[in-house]
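Keep in mind it's a predicted model, so treat the numbers as computed, not measured. Letters go in sequence order (proteins before strands), and every chain restarts at 1. We use all heavy atoms of the structure for the numbers below, so side chains are in, but hydrogens, waters and symmetry mates are not.
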Amino acid sequence: MKMLENFSINEFRKDLIGWFENEQRDLPWRQDQDPYKVWVSEIMLQQTRVDTVIPYFENFISKFPTIEALADADEEKVLKAWEGLGYYSRVRNLHAAVKEVAQEYGGKVPNTVEEISSLKGVGPYTTGAILSIAYGVPEPAVDGNVMRVLSRILSVWDDIAKPKTRQLFEDIVRELISKENPSAFNQALMELGALICVPGNPACLLCPVREHCKAFAEGVQKELPVKSKKKAPTAVSMAAVVLQDEEGRLIIHKRPEKGLLANLWEFPNHETILDLQAPKEQLGEFLKREYEVDAKIGQAFTTIQHVFSHLIWNITVFEGKIEGSVAETNTLKLVSLKELEEYTFPVSHQKILKSFLNR
DNA sequence: AACACGTGGCA
DNA sequence: TTGCCAAGTGT
């Protein structure tokens with residue numbers, strides 16, 4: 001490969017892995033090489049910081065220690081263990097995939113690219129991560145860290161936001177990866193990206209592979225990687241209502257099984273047209289039309305902002321009293337405060353509840 | 001290829 | 001404070 005001419009592959013591997021063996025963090029998913037735990041950790045770590053994942057990982061593994069335990073668990077319990085982590089399709093895909101492994105592979109995580117990558121939620125990165133870390137197979141595991149580190153080491157100016165660029169780095173890693181210790185090699189590249197070769201100001205003076213780094217030699221390490229900007233999120237106005245009956249129970253609604261915050265619970269809410277024109281009337285009509293609930297809408301007691309990757313909800317939250325009876329369904333329930341603890345809510349609706357109780 | 005899909009930390 | 005970021009995948 002042209003890019004690797006004059007590059008000392010063996011020295012690079014030795015310096016990188018040697019550093020990793022000495023400096024790697026003591027993380028809960030590094031206690032053993034159980035493919036199931038490696039899998040869970042890799043899914044949790046997608047687009048999510050290590051410090052955020054640690055307590056979730058420990059709780060999740062204590063509740064669902066094995067493939068079989070997770071395969072047998074109720075969706076509600078599994079979602080609850082993910083509450084607050086975000087990207088909830090990750091855990092619904094994981095749950096479905098674990099059930100498939102339990103049924104189709106005798107509860108053993110498969111160890112071929114074809115089988116692993118066919119599992120829901122397991123893409124090219126996670127396939128390589130599980131194969132290399134749990135099974136010692138020399139497959140690339142190219143994530144954002146790896147692209148940043150290697151774009152600097154080899155001075156690659158391709159835009160890492162483009163899907164095609166990941167394939168280029170997979171080709172590079174196939175040349176570079178240690179066949180003796182692919183697990184340490186892949187993890188070392190990511191660990192280096194997390195600890196030393198960070199996005200803003202890389203700590204080049206502490207870098208174990210500085211001598212191999214073309215960007216450092218040229219003084220352009222802060223210019224790399226090239227990454228095009230994402231579209232800014234669009235703002236949406238929402239009205240939500242916390243509806244209470246005489247006994248203090250609250251109405252909650254289950255979101256659709258596909259799309260944003262799929263299968264999570266929420267307080268009744270809808271997008272408001274023209275920024276809250278006659279909001280109480282809109283809300284009352286919405287409740288009648290969608291849920292056949294009659295209610296007296298009270299005052300707005302807080303506003304909550306929920307920032308997603310691609311949109312922003314600005315939620316005005318009202319209180320209200322239920323008038324008459326409520327017909328409960330699979331997606332509409334009237335529950336006590338104690339019972340609410342069993343349901344999974346997006347962070348914004350956790351904030352709504354907290355604000356309601358403190359109003 | 002481009003966009004949907006969450007959340008919290010940090011400069 | 002606003003924007004960018006963090007071990008990506010599905011469509």
Base of [N], side chain of [X] - is there a donor-acceptor contact under 3.5 Å?
X	N	answer
A:Ser309	B:dG6	yes
A:Tyr125	C:dG8	no
A:Thr52	B:dG9	no

Check the phosphate of [N] against [X], side-chain N and O only, distance under 4.0 Å to OP1 or OP2. Yes or no?
X	N	value
A:His306	B:dG6	no
A:Tyr87	C:dA6	no
A:Arg90	C:dG10	no
A:Thr126	C:dT9	yes
A:His310	B:dC5	yes

(message) Just to verify, which of A:Glu75, A:Lys254, A:Arg255 counts as forming a side-chain hydrogen bond (donor to acceptor under 3.5 Å, both in side chains) with A:Asn263?
(response)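 Among A:Glu75, A:Lys254, A:Arg255, the one that satisfies the side-chain hydrogen bond (donor to acceptor under 3.5 Å, both in side chains) with A:Asn263 is A:Glu75.
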(request) Establish whether A:Phe169 and A:Ile133 are linked, either directly or via other cluster members, by ILVMFWY side-chain heavy-atom contacts under 4.5 Å. (result)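 As far as the 4.5 Å side-chain criterion goes, A:Ile133 and A:Phe169 are not connected within one cluster.
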(message) Expected output is a numbered-order residue list: members of residues 223-230 of chain A with a heavy atom under 4.0 Å from any atom of DNA chain B. What is it?
(response)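 Nucleic-acid contacts, sorted: none.
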(request) Counting heavy atoms from C-beta on, name the nucleotide in B:dT7, C:dG10, B:dA4 closest to the side chain of A:Lys231. (result)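 Among B:dT7, C:dG10, B:dA4, the one nearest the side chain of A:Lys231 is B:dA4.
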(message) Counting only side-chain heavy atoms from C-beta out, which of B:dA4, B:dA2, C:dT9 sits nearest to A:Gln46?
(response)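 Within the option list, the nearest is C:dT9.
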(request) Sorted by first residue and then second, give each side-chain hydrogen bond (donor to acceptor under 3.5 Å, both in side chains) pair with at least one member in residues 86-96 of chain A; sequence neighbours left out. (result)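 Pairs touching residues 86-96 of chain A that pass the test: A:Thr48-A:Arg90, A:Tyr87-A:Ser309.
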In whole angstroms, how far is the [atom2] atom of [N] from the [atom1] atom of [X]?
X	N	atom1	atom2	value
A:Leu260	B:dT7	CG	C1'	12 Å
A:Arg49	B:dG6	CZ	P	18 Å
A:Ile43	C:dG10	CD1	P	8 Å
A:Asp143	C:dG8	CG	C1'	9 Å
A:Glu42	C:dA6	CD	C1'	13 Å
A:His349	B:dT7	NE2	P	10 Å
A:Ile304	B:dT7	CD1	C1'	15 Å
A:Arg148	C:dA6	CZ	C1'	9 Å

Base, sugar-phosphate, or nothing for [X], non-hydrogen atoms under 4.0 angstrom?
X	result
A:Arg255	nothing
A:Trp82	nothing
A:Leu261	sugar-phosphate
A:Gly200	nothing
A:Gly193	nothing
A:Val53	nothing
A:Arg92	nothing

(message) Assuming nearest nucleotide by heavy-atom distance, tell me which of A:Gln187 and A:Ser117 is located more 5' along DNA chain C.
(response)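 So the residue in question is A:Gln187.
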(request) Please tell me which of A:Arg25 and A:Leu119 maps to the more 5' nucleotide of DNA chain C, matching each residue to the nucleotide holding its nearest heavy atom. (result)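 Its nearest nucleotide lies further toward 5', so the answer is A:Arg25.
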(message) Could you tell me if A:Trp39 and A:Ser41 have a donor-acceptor pair between their side chains, going purely by distance under 3.5 Å?
(response)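 The answer is no; no qualifying pair exists.
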Using the ring of each side chain (for Trp, its six-membered ring), is [X] parallel, tilted or perpendicular to [Y], with breaks at 30° and 60°?
X	Y	result
A:Phe308	A:His306	parallel
A:Trp313	A:His349	perpendicular
A:Phe12	A:Phe185	perpendicular

(message) If we check side chain to side chain contact (heavy atoms under 4.5 Å, CB included) with A:His270, which of these qualifies: A:Glu285, A:Arg289, A:Gln282, A:Glu290?
(response)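 So the option named by the test is A:Gln282.
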(request) Determine the Euclidean distance between corresponding P atoms of C:dA6 and B:dC5; express it in Å to zero decimal places. (result)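 Per the computed distance, 23 Å lies between those P atoms.
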(request) Between C:dT9 and B:dG8, how far apart are the P atoms? Round to whole Å, please. (result)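 Looking at atom P only, B:dG8 and C:dT9 are 23 Å apart.
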(message) Among residues at least two apart in sequence or on other chains, which ones pass salt bridge (charged side-chain N to carboxylate O under 4.0 Å, His left out) with A:Glu341?
(response)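 Result, salt bridge (charged side-chain N to carboxylate O under 4.0 Å, His left out) vs A:Glu341: A:Lys338.
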(request) Take A:Val307 and A:Lys164, find for each the nucleotide of DNA chain B with the closest heavy atom, and name the residue whose nucleotide sits nearer the 5' end. (result)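 Mapping each residue to its closest nucleotide by heavy atoms, the 5'-most match is A:Lys164.
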